[in-house]
Amino acid sequence: MSQHRPCQNCARPLAGRTAIVTGASRGIGRAIAIGLAARGANVAVHYHRQASLAAETVSACREYGVRATAIQADVADETDVADLLLASTELGPPSILINNAGIADYGLAMEMSLARFQHILAVNLTSVFLCTRAAIPYLRRHPHARVVNIASMHGIAGAAMEAAYAAAKGGVIAWTKSLAKELASLHITVNAIAPGAIDTDMLAPFDADEKAAIVEATPLHRLGSAKDVAAAALFLADPAADFITGQVIGVNGGLLT
């Protein structure tokens, strides 16, 4: 009787593939980038301003024996995005795109300037359009290409004091559902994740009492972590998720069902 040998590729189902993760210098993007590396993918670590943190993410990815590089870009700028995609090809043709880059915003809608509103939409929504459009020519060459967009539960339910952010994330969700239908014939799946209250820098404006109130309102009675969101993104990036597209996965501890 031959001895059973474990599958050499089971623990690294993304071996040989190249992934781009925007906003990967910290938080959710960093957790996703490292998770992809652990599964064998080469990772283009995008950042905007925090070069030192991006370098730390790259180092963490390389510990898994993959290739990784940090690429600076303003993902709301068309030329920068084109340069980002071109630079990522040094790791190999990208077949996974994680649109994670974004900024939070808090304030009354009646006090918001047009410039501020447009900036929030540019970073959170226009960037998803630009990055995805630029990536499609590469993604279409791979039989299991993936686009995963990080949205927000506020894009579904709305949020007082975060109207512009919620509008942008709602747009990401609509974009995801529409593009999934458009790209299905190219065997590119497009899905979104809608995180709830995740314990990252985006919660920095909330004090301890406000965070406690969020925990109390969450059925699982805790804040989410970057790894919680990354787990969903890694599932969607896996070849096993080949029949899932146009979906929005809530990672919110039951806060929104």
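Note: hydrogens, waters and symmetry copies are ignored here, and every other heavy atom, side chains too, is used. Numbering of residues begins at 1 and proceeds along the displayed sequence.
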Do S95 side-chain atoms and L139 backbone N/O form a donor-acceptor pair below 3.5 Å? no
Looking at T22 and A101, would you say the former's side chain and the latter's main chain have a donor-acceptor pair under 3.5 Å? yes
Would you find a donor on one side and an acceptor on the other, under 3.5 Å apart, between the side chain of R67 and the backbone of E90? yes
Side chain to side chain, T79 and D83, heavy atoms closer than 4.5 Å: yes
Connecting only ILVMFWY residues whose side-chain heavy atoms lie within less than 4.5 Å of each other, what is the rest of M161's hydrophobic cluster? L108, M110
Main-chain N/O of D74 paired to D80 side chain as donor or acceptor, under 3.5 Å: yes
Summary of ring-ring contact (aromatic ring centres under 6.0 Å, His included) pairs that have at least one residue in residues 212-235, sequence neighbours excluded: none
Output yes when a side-chain donor or acceptor of N124 lies under 3.5 Å from a complementary backbone atom of K169, and no otherwise. no
With clusters defined by side-chain heavy atoms of hydrophobic residues (ILVMFWY) lying less than 4.5 Å apart, directly or transitively, does V81 cluster with Y47? no
Heavy-atom nearest pair, P137 first then A134, reads CD-O, 3.4 Å
Heavy-atom closest pair (M202 atom, P205 atom, distance to 0.1 Å) is O-CD, 3.4 Å
Do the side chains of L121 and V172 join up, straight or via other hydrophobic residues, at under 4.5 Å, putting them in one cluster? no
Any chance NZ of K181 has more than 12 other-residue heavy atoms, nucleotides or ligands included, within less than 6.0 Å? no
Verify the cluster assignment for L85 and V190: are they in a single hydrophobic cluster under the rule of side-chain heavy atoms below 4.5 Å apart? yes
Sidechain-backbone polar pair: N252 side chain, P195 backbone, donor-acceptor under 3.5 Å: no
Taking all atoms of both residues into account, what is the closest heavy-atom pair of S113 and R116, and its distance? OG-N, 3.1 Å
How close do A24 and T57 get, heavy atom to heavy atom, and via which atoms? O-OG1, 3.0 Å
Within a reach of under 6.0 Å around CZ of F206, are more than 12 heavy atoms found that belong to other residues, nucleotides or ligands? yes
How long is the span from the CG atom in L220 to the CG atom in D228, to the nearest 0.5 Å? 9.5 Å
What distance separates I173 CD1 from H154 NE2, expressed to the nearest 0.5 Å? 11.5 Å
Hydrophobic cluster identity match, M153 and I103, side-chain contacts under 4.5 Å: no
Is it true that a side-chain atom of H46 and a backbone atom of V21 form a donor plus acceptor pair closer than 3.5 Å? no
Donor-acceptor pair, distance only, cut-off 3.5 Å: does the side chain of R62 make one with the backbone of A68? yes
May I have the step-by-step check of side chain to side chain contact (heavy atoms under 4.5 Å, CB included) for W175 and T132, ending in yes or no? CA-CA 10 Å; W175 167 262; T132 307; 4.0 Å; yes
Tell me whether the count of non-hydrogen atoms from other residues, nucleotides or ligands lying under 6.0 Å of CD in E210 goes above 12. yes
Under 4.5 Å between any side-chain heavy atoms of V147 and L179, yes or no? no
Is any side-chain heavy atom of P143 less than 4.5 Å from a side-chain heavy atom of H187? no
Looking at every heavy atom in both A76 and S127, which two are closest together, and how far apart are they? N-CB, 4.3 Å
Rounded distance [0.5 Å steps], CG in D105 versus CE in M112: 4.5 Å
Provide the closest heavy-atom pair for T18 versus S88 in the form atom of the first, atom of the second, distance. CG2-O, 4.0 Å
Any salt bridge linking R133 with E78? Criterion: basic side-chain nitrogen under 4.0 Å from a carboxylate oxygen. yes
Testing D242, T245, D238 for side-chain hydrogen bond (donor to acceptor under 3.5 Å, both in side chains) with R146, which one passes? D242
Check against side chain to side chain contact (heavy atoms under 4.5 Å, CB included), V248 and K177: CA-CA 8 Å; V248 182; K177 290 178 176 292; 4.1 Å; yes
Would a 4.5 Å heavy-atom cut-off, applied to side chains only, mark L14 and P239 as touching? yes
Test Q247 against L236 for side chain to side chain contact (heavy atoms under 4.5 Å, CB included), laying out the working first. CA-CA 10 Å; Q247 304 305 304; L236 292 171; over 6 Å; no
Mind checking the CG-OG1 spacing from N42 to T69? Nearest 0.5 Å is all I need. 11.0 Å
Out of L125, T176, I20, N149, which residue meets the side chain to side chain contact (heavy atoms under 4.5 Å, CB included) rule with N99? N149
Which distance, rounded to the nearest 0.5 Å, do you find between the CG of L84 and the CD of Q72? 9.5 Å
Side chain to side chain contact (heavy atoms under 4.5 Å, CB included), that's the test. Do I136 and E182 meet it? Break it down for me. CA-CA 11 Å; I136 289 172; E182 186 173 324; 5.9 Å; no
Quick one: does N191's side chain have a donor or acceptor within less than 3.5 Å of a partner on G246's backbone? yes
Taking the side chain as everything from C-beta on, heavy atoms only, tell me whether I244 gets closer than 4.5 Å to I249. no
Do I96 and R17 have side chains that get closer than 4.5 Å, going by heavy atoms? yes
Close side-chain approach of V123 and H48, heavy atoms under 4.5 Å: no
With a 4.5 Å cut-off on side-chain heavy atoms, are D199 and K211 touching? yes
Mind checking whether I98 and V58 sit in one hydrophobic cluster, side chains of I, L, V, M, F, W, Y counted as touching below 4.5 Å? yes
Please report the interatomic distance OG(S25) to CD(Q50), rounded to the nearest 0.5 Å. 4.5 Å
Whether E162 side chain and Y106 backbone form a donor-acceptor pair below 3.5 Å: no
